[in-house]
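Data block below; observations after.
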Amino acid sequence: MHIVQPGMEIDVLKENGKIAAENYRLMKSRGIKSVDFMGSIGAGKTALIIKLAEKLKARGVRVCAIAGDVTGADDYGRFSRAGLEAVNCNTGHECHLDANLVRKTLSKMDLDAYDVIFIENVGNLVCPADFPLGTDYRVVVVSTTEGDDMVRKHHDIFLHSDIAILNKIDIADAVDVNPEVILEDYKRLTGGNKKMITCSVKKETGLDEILSALKL
Ligand code: MG
Ligand code: ZN
């Protein structure tokens with residue numbers, strides 16, 4: 001949980017913003033492009049990062065993932081087993097990554113060894129929105145299995161993200177969800193100009209569209 005004492009939260013967010021700007025400058029100074037992947041547990045963030053990284057690696061792009069979780073090394077283990085270089089980043093108690101944790105993690109990495117860093121945030125659709133990490137892009141990933149009301153329930157994270165992705169599009173029928181409802185909600189929320197990208201990580205559809213949205 002993040003701090004909610006009156007007055008304190010503003011300071012915490014301000015401090016986070018300052019450190020995020022430092023992270024951004026640090027990564028830019030090493031020629032690194034970075035992406036923060038946010039979304040609920042089970043949205044498919046880990047699998048998506050693995051697939052995107054595979055495509056980039058095939059083109060000679062050097063990718064590293066930062067696995068953000070409260071405790072444990074499950075996602076770190078999945079990245080490693082998939083052959084993706086990764087660093088584990090446990091928050092301990094917090095339900096989101098913050099810029100300071102990312103700064104500490106970056107300080108342990110050889111930044112000259114990578115062109116792209118994918119950060120997997122803690123599975124949570126609420127407070128990661130408030131804590132930019134200093135990445136080039138912030139991405140929110142939802143899946144059809146979460147129901148059709150994700151955009152309506154979580155305005156902030158969609159408004160704070162540069163790119164929104166709807167995963168598991170291949171099983172929308174099976175889980176009785178009409179993807180058009182989600183796509184329309186997103187379009188309406190973002191003023192009609194932005195389009196949510198649909199994909200199936202499992203069937204490997206929509207991945208190239210995501211990479212091009214990330215200018216990768
Ligand atoms: Mg994960
Ligand atoms: Zn949190």
Side-chain angles (χ1 to χ4, degrees), residues 1-17 19-20 23 34-54 63-105 116-135 137-146 150 153-161 163-168 171 199-202 204 206-207 210 214:
M1 298 292 285
H2 65 263
I3 297 160
V4 289
Q5 282 148 289
M8 259 188 97
E9 190 168 24
I10 291 162
D11 293 344
V12 168
L13 297 182
K14 211 168 138 191
E15 183 62 17
N16 185 78
I19 301 171
N23 290 344
S34 57
V35 184
D36 175 10
F37 288 88
M38 303 176 286
S40 300
I41 294 169
K45 300 183 296 300
T46 313
L48 175 63
I49 289 172
I50 288 170
K51 290 284 184 208
L52 295 178
E54 276 171 4
V63 187
C64 186
I66 295 176
D69 263 312
V70 178
T71 56
D74 292 274
D75 287 352
Y76 169 78
R78 285 174 66 189
F79 289 137
S80 299
R81 286 192 296 278
L84 173 57
E85 280 188 61
V87 187
N88 201 30
C89 179
N90 284 144
T91 63
H93 298 283
E94 300 289 333
C95 46
H96 56 271
L97 290 178
D98 61 36
N100 192 42
L101 270 170
V102 169
R103 173 165 70 179
K104 281 190 206 154
T105 306
V116 170
I117 296 178
F118 286 149
I119 303 175
E120 179 173 350
N121 217 310
V122 178
N124 177 353
L125 267 181
V126 185
C127 38
D130 291 335
F131 293 86
L133 306 176
T135 54
Y137 290 99
R138 305 183 78 196
V139 175
V140 57
V141 186
V142 291
S143 69
T144 55
T145 53
E146 294 167 65
M150 283 305 163
K153 285 182 175 172
H154 298 284
H155 286 182
D156 274 3
I157 203 150
F158 288 93
L159 291 171
H160 282 89
S161 297
I163 295 163
I165 295 170
L166 177 59
N167 186 25
K168 307 188 190 179
I171 57 168
C199 81
S200 163
V201 173
K202 199 165 181 185
E204 303 193 11
L207 301 176
I210 295 168
L214 294 169

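Both ligands and their constituent atoms are indexed starting at 1 by order of listing. Values below: every heavy atom of this structure, side chains too, minus hydrogens, waters and symmetry copies. All residue numbers in this chain count up from 1 along the given sequence.
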Assess Glu120: does it contribute an N, O or S atom lying under 2.8 Å from the Mg ion (ligand 1)? yes
Assess whether atom CG of Leu159 is packed by more than 12 heavy atoms of other residues, nucleotides or ligands within 6.0 Å. yes
Answer yes or no for Asp69: is there an N/O/S atom below the 2.8 Å cut-off from the Mg ion (ligand 1)? no
From Leu125 CG over to Lys153 NZ, what is the distance, rounded to the nearest 0.5 angstrom? 10.5 Å
4.5 Å side-chain heavy-atom contact, Asn23 and Thr135: no
Taking just the N, O or S atoms of Asp75, which one is nearest to the Mg ion (ligand 1)? OD2
Which class fits the ring pair Phe118 and Phe37: parallel under 30°, tilted 30 to 60°, perpendicular over 60°? perpendicular
Which N, O or S atom name in His96 marks its closest approach to the Zn ion (ligand 2)? ND1
